[in-house]
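Each remark here refers to the structure printed beneath this line.
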Amino acid sequence: MKLYQAFNILSVAAVALLATACNDTDAQYDIPEVGAPVLVSETPATADNVLLYGEKTITVAFDKNIGFASANAAKITLNGTPVKSAKVLGISNTLTIVADVNFDKKQTLVIPAGLIVGPGGHTYDQEVSLTWEIKDVPANDATAMTQKLGWGWNLGNHFDTSDMQWGYWDGATPSAALFQKLAAAGAKTVRIPATWSCHMDEASVIDAAYLDEVATCVDYAINAGLNVILNTHHDAFETDLGKAAESDSIAKVDSALIVNTWRQVATRFASYGDQLIFETFNEIHAGDNWSGGSDAEYGLLNLWNQYAVNAIRATGGNNATRWIGVAGYAANIDLTIEHLVLPDDPANRIMVGVHCYDPYNFCLAPVSAGANSWGHNADPAKSVADSNEEYVIQQLYKLRTAYIEKGIPCYLGEYGCVVQTTDAANKFRKYYLEFFCRAAYLAGIPMFVWDNNAKGSGDEANAYVDHATGNFAADGAEIVPLMIKAATSTEASYWFDTIWNNSPQAE
């Protein structure tokens with residue numbers, strides 16, 4: 001072989017070998033990282049997230065692996081207070097920080113220059129300053145409805161009596177005075193839960209006298225200047241969701257009942273103005289399963305909501321543009337956000353209704369559950385863990401993010417806390433109700449307290465206003481004005497810490 005031929009062959013081979021090495025992603029060597037690290041992101045992102053009260057984890061990521069001396073954690077501050085910890089977990093490009101977030105609307109994290117070290121000892125020589133800020137609730141259709149609905153009250157366990165053998169469960173006859181006194185106290189809305197199927201004949205026609213009776217209460221409320229939310233409540237399909245999702249025949253029967261019920265109710269009230277709002281259902285769920293359903297059940301409930309909206313709109317009159325509230329599975333906040341699909345609506349006037357009695361053992365069953373304190377000063381042995389102030393704020397801000405900030409009105413159709421059996425427990429009740437109502441207001445959520453006229457104290461004792469006379473029941477004279485102020489006050493200084501500092505102490 002001639003020398004120049006051999007040289008050419010070797011040159012080609014060398015080029016091929018070099019190309020192979022450059023394209024080999026499984027090469028047995030690493031290119032060392034050099035230079036100072038560069039900040040690339042933070043979680044939660046400052047651009048579109050807020051830091052809400054409580055212990056939070058913040059991560060700060062760089063463009064290459066970093067080192068950090070854990071002893072320097074005390075030099076990192078959130079709103080001037082040293083964070084609880086800061087460390088790099090393994091070989092990573094991320095600094096993980098744990099800090100306590102206070103109630104300030106603005107949260108600023110500061111990492112002094114020189115604490116972050118990159119490969120080869122190169123330091124990040126700039127101060128990191130990251131700020132999260134809770135903005136005011138946006139001005140849109142959702143907040144307009146918040147202002148309109150304000151704080152409200154439920155005429156609970158009256159028309160929502162599913163077995164008339166025992167009469168109306170609240171044992172009262174509502175009067176015009178009831179609604180006039182509610183309006184005078186500062187209420188803006190009354191929610192009237194109503195059961196219809198037990199007032200139907202064999203042809204599924206609603207008794208006209210019953211419709212008139214419901215209309216009388218609606219008229220009382222509207223004449224008093226109140227808004228009214230009228231729904232279906234405790235009807236035959238309320239717990240049939242699971243069976244209906246498993247059986248086409250049952251699904252068709254329930255769908256027909258839904259359409260038939262709403263066609264009759266909507267027709268009766270078609271001439272009423274915008275003070276009247278319809279709510280498709282109450283707390284639809286499968287059997288006794290309140291914690292969640294199947295995909296088939298979620299899907300069917302979305303169809304049921306669509307059937308109800310279609311039936312209402314088809315009756316014409318003011319129903320063509322009336323606001324309609326819809327709810328997700330069990331009216332649960334998390335399940336509604338995750339699984340509710342808003343119905344198609346030509347009027348684009350759909351609202352989302354949810355309920356919240358969290359923590360249940362304190363709000364509705366403190367005697368049987370032994371939970372009679374709440375909040376940061378609660379007795380751990382007599383309260384529900386992980387359901388205190390931080391939890392309430394997070395739940396309500398989920399609704400703000402999911403609906404209010406997107407221009408979709410959302411309301412708490414039910415909330416409340418029973419009259420407790422001791423003075424000490426009632427101090428925690430008062431604290432809970434004020435904090436909950438204020439958190440809802442700051443999230444842009446109107447709210448309506450559940451009142452079943454059950455006077456006394458203990459489990460299910462949810463009486464605030466007498467259903468016949470409108471006079472305050474139990475401690476309503478103190479609690480109702482407190483809730484209304486918390487749920488409606490525009491005072492900028494009336495913030496979370498105002499209430500927090502007045503928390504009772506566990507005995």
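Note that this is a predicted model, so its numbers are computed, not measured. Along the sequence shown, residues are numbered consecutively beginning with 1.
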May I ask you to decide if [Y]'s main-chain N or O and [X]'s side chain share a donor-acceptor pair within less than 3.5 Å?
X	Y	answer
Arg268	Ala208	no
Trp262	Thr280	yes
Asp459	Val367	yes
Arg313	Asn319	yes
Arg191	Gly152	no
Thr498	Ser493	yes
Asn231	Phe278	no
Asn140	Thr143	yes
Trp323	Glu279	no
Asp170	Ala172	yes

Pair [X]-[Y], side-chain donor/acceptor within less than 3.5 Å:
X	Y	value
Asp207	His199	no
Asn471	Lys181	yes
Gln264	Asn260	yes
Gln107	Asn102	yes
Glu238	Asn282	yes
Asp379	Ser373	no

Residue pair [X] / [Y], side-chain heavy-atom distance below 4.5 Å:
X	Y	result
Ser255	Trp304	yes
Pro359	Tyr432	yes
Met483	Tyr415	yes
Asn318	Leu276	no
Val309	Asp344	no
Cys417	Gln420	yes

Under 6.0 Å between the ring centres of [X] and [Y]?
X	Y	value
Phe496	Tyr53	no
Phe103	Trp500	yes
Trp151	Tyr441	no

Any salt bridge linking [X] with [Y]? Criterion: basic side-chain nitrogen under 4.0 Å from a carboxylate oxygen.
X	Y	value
Arg429	Asp475	yes
Lys455	Asp466	yes
Lys56	Glu390	yes

Minimum heavy-atom separation for [X] and [Y], please, with both atom names.
X	Y	answer
Asp451	Tyr464	OD2-N, 2.9 Å
Thr146	Pro446	OG1-CD, 3.6 Å
Ser387	Trp374	O-NE1, 2.7 Å
Ile312	Ala266	CA-CB, 4.1 Å
Val218	Val228	O-CG2, 4.1 Å
Tyr431	Pro504	CB-CD, 3.7 Å

State whether the number of non-hydrogen atoms from other residues, nucleotides or ligands found under 6.0 Å of [X] atom [atom1] is greater than 12.
X	atom1	value
Asn501	CG	yes
Asp386	CG	no
Gln394	CD	yes
Lys148	NZ	yes

Steps toward side chain to side chain contact (heavy atoms under 4.5 Å, CB included) verdict (Tyr397, Leu442): CA-CA 9 Å; Tyr397 267 82; Leu442 295 171; 4.1 Å; yes
First locate atom [atom1] of [X], then atom [atom2] of [Y], and finally report the distance between them rounded to the nearest 0.5 Å.
X	Y	atom1	atom2	result
His355	Ile333	NE2	CD1	10.5 Å
Ile484	Cys437	CD1	SG	9.5 Å
Trp169	Ser162	CH2	OG	3.5 Å
Asn361	Ser368	CG	OG	7.0 Å
Arg438	Ser489	CZ	OG	4.5 Å
Tyr272	Ile277	OH	CD1	15.0 Å

Would you mind telling me which of [options] makes a side chain to side chain contact (heavy atoms under 4.5 Å, CB included) with [X]?
X	options	result
Tyr329	Glu283, His339, His285	His285
Tyr411	Val354, Ile229, Thr189	Ile229
Phe159	Asn157, Leu155, Thr161	Leu155
Asn462	Asn452, Asn154, Asn453	Asn452

Can you list the steps and then say if Asp254 with Leu300 is a side chain to side chain contact (heavy atoms under 4.5 Å, CB included)? CA-CA 11 Å; Asp254 283 333; Leu300 183 57; over 6 Å; no
Report the relative orientation of the aromatic rings in His467 and Trp153; use parallel for angles under 30°, tilted for 30 to 60°, perpendicular for over 60°.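 Because their plane-to-plane angle is over 60°, the rings of His467 and Trp153 count as perpendicular.
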Tell me, with the steps shown, if Lys430 and Ile479 meet side chain to side chain contact (heavy atoms under 4.5 Å, CB included). CA-CA 7 Å; Lys430 176 182 176 182; Ile479 295 296; 4.1 Å; yes
Taking the six-membered ring of Tyr494, is NZ or CZ of Lys485 closer than 6.0 Å to its centre and within 45° of its axis? yes
Test side chain to side chain contact (heavy atoms under 4.5 Å, CB included) applied to Ile350 and Ile408, step by step: CA-CA 7 Å; Ile350 297 295; Ile408 303 168; over 6 Å; no
Could you please spell out the steps behind the side chain to side chain donor-acceptor pair (under 3.5 Å) verdict for Gln306 and Asn310? CA-CA 6 Å; Gln306 186 69 65; Asn310 291 349; 2.9 Å; yes
